[in-house]
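Quantities reported herein were computed from a predicted structural model and do not represent experimental measurements.
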Amino acid sequence: MRIAVTYENGQIFQHFGHTAEFKLYDIADGKIEGEQVVSTNGSGHGALAGFLTANGVEVLICGGIGGGAQNALAQAGIKLFGGVIGSADAAVNEFLNGTLGFNPDVKCSHHDHEHGEGHTCGNHSCGSHNCH
C-alpha cells in the first residue's frame with residue numbers, strides 16, 4: 001500500500017489544492033518500508049488526483065480539502081482521511097495503528113477569488129485556513 005500526506009516542513013500541509021509536496025510512504029505488513037518527499041511540479045487542485053494515481057497512492061491524509069477534489073479522489077479510488085493536523089510521520093503511524101483522528105465530513109474551499117479570510121466551510125469557520 002502507498003500512503004500520501006500533504007507535506008510542508010514535516011507537518012501536514014493544510015490546503016490540499018495548493019500543496020507543493022507530498023510525502024509518500026510505502027507500507028508492507030503494516031509497517032513503513034520506505035518514504036520519500038515528492039514535488040507536485042506545480043500541479044494543483046484537479047490535477048493532484050491524477051498525480052496521486054500516477055504515483056500509486058491508495059490513501060491520502062491531508063488537512064483541508066474541497067468537495068471537487070474529494071470527488072476526484074473518490075473517482076480515482078483513493079481513500080481520504082481529511083481534517084488532520086500535526087506531524088506527517090505521526091499521522092501515518094496513527095493510521096497504521098488505527099488511531100488516526102480525522103474528519104470524514106471535512107469540506108473546505110480556500111480560493112481567495114471566491115472567499116475572504118474567515119469564510120465558513122461547512123459548519124465551522126476556518127479562520128486562517130486551518131480546516132479540520
Side-chain angles (χ1 to χ4, degrees):
M1 169 180 22
R2 181 170 267 186
I3 299 171
V5 180
T6 54
Y7 189 76
E8 183 177 60
N9 298 321
Q11 300 296 303
I12 299 167
F13 185 68
Q14 291 300 302
H15 186 175
F16 173 78
H18 288 178
T19 193
E21 296 179 322
F22 287 101
K23 188 163 185 183
L24 304 179
Y25 299 82
D26 292 312
I27 310 300
D29 298 322
K31 295 184 182 359
I32 298 170
E33 295 289 322
E35 53 189 71
Q36 62 180 314
V37 176
V38 296
S39 171
T40 62
N41 295 316
S43 297
H45 292 96
L48 289 174
F51 177 88
L52 293 172
T53 300
N55 281 281
V57 171
E58 298 170 53
V59 172
L60 171 68
I61 298 172
C62 67
I65 183 169
Q70 289 182 36
N71 290 337
L73 292 169
Q75 289 177 1
I78 297 172
K79 294 180 183 139
L80 171 65
F81 295 86
V84 183
I85 59 172
S87 162
D89 292 347
V92 171
N93 283 311
E94 290 168 7
F95 173 81
L96 294 174
N97 293 330
T99 60
L100 179 65
F102 67 98
N103 179 356
D105 298 319
V106 66
K107 297 237 190 286
C108 279
S109 175
H110 297 291
H111 307 122
D112 291 334
H113 60 276
E114 294 177 6
H115 303 285
E117 190 71 24
H119 67 275
T120 299
C121 294
N123 294 325
H124 66 278
S125 175
C126 292
S128 63
H129 295 179
N130 197 10
C131 298
H132 50 88

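To the nearest 0.5 Å, the span separating CG on L80 from CG on N103 amounts to 9.5 Å. Residue F16 holds its CZ atom at 10.0 Å from CD of Q70, rounded to the nearest 0.5 Å.
Taken together through direct or relayed side-chain contacts under 4.5 Å among Ile, Leu, Val, Met, Phe, Trp and Tyr, L48 and L24 form part of one hydrophobic cluster. In this structure, V84 is a member of the same hydrophobic cluster as M1, with clusters built from ILVMFWY side-chain heavy atoms closer than 4.5 Å. In the hydrophobic clustering of ILVMFWY residues, with side-chain heavy atoms under 4.5 Å counting as a link, L100 and Y7 come out apart. Residues L52 and V38 share a single hydrophobic cluster, defined by chaining ILVMFWY side chains whose heavy atoms lie under 4.5 Å apart. Connection of F102 to F13 is not established within any shared hydrophobic cluster, with ILVMFWY side chains joined at heavy-atom distances below 4.5 Å, either directly or through further cluster members.
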Intermediate values then yes/no, side-chain contact (heavy atoms from CB on, under 4.5 Å), Q14 and I12: CA-CA 6 Å; Q14 291 300 302; I12 299 167; 3.8 Å; yes
Derivation of the side-chain contact (heavy atoms from CB on, under 4.5 Å) call for I65 and L73: CA-CA 11 Å; I65 183 169; L73 292 169; 3.5 Å; yes
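The salt bridge (Lys or Arg N to Asp or Glu O under 4.0 Å) analysis of residues 1-21, with sequence neighbours excluded, yields the pairs R2-D26. For the ring pair (Phe, Tyr, Trp, His ring centres under 6.0 Å) condition, the pairs that include at least one residue of residues 47-66, sequence neighbours left out, are F22-F51. Judged as a ring pair (Phe, Tyr, Trp, His ring centres under 6.0 Å), not a single pair has a partner in residues 59-80 (not counting sequence neighbours).
Contact record, A88 with V5: CB-CG1, 3.7 Å, taken as the closest heavy-atom pair.
Residues that satisfy the salt bridge (charged side-chain N to carboxylate O under 4.0 Å, His left out) test with E35, not counting sequence neighbours, are K23. Judged as a side-chain contact (heavy atoms from CB on, under 4.5 Å), and not counting sequence neighbours, the contacts of E33 are A28, K31. Every residue two or more places apart in sequence or in another chain that forms a side-chain contact (heavy atoms from CB on, under 4.5 Å) with S87 is listed here: Q11, D89, A90. In this structure, the side-chain contact (heavy atoms from CB on, under 4.5 Å) partners of A76, at least two apart in sequence or on a different chain, are T53, I78. Annotation: ring-ring contact (aromatic ring centres under 6.0 Å, His included) contacts of F95 (sequence neighbours excluded): F81.
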For residues 56-63, tabulate all N or O donor-acceptor pairs below 3.5 Å that involve a side-chain atom, not counting sequence neighbours.
none

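Side-chain N or O atoms of T40 include one that pairs as donor or acceptor with a backbone N or O of T19 at under 3.5 Å.
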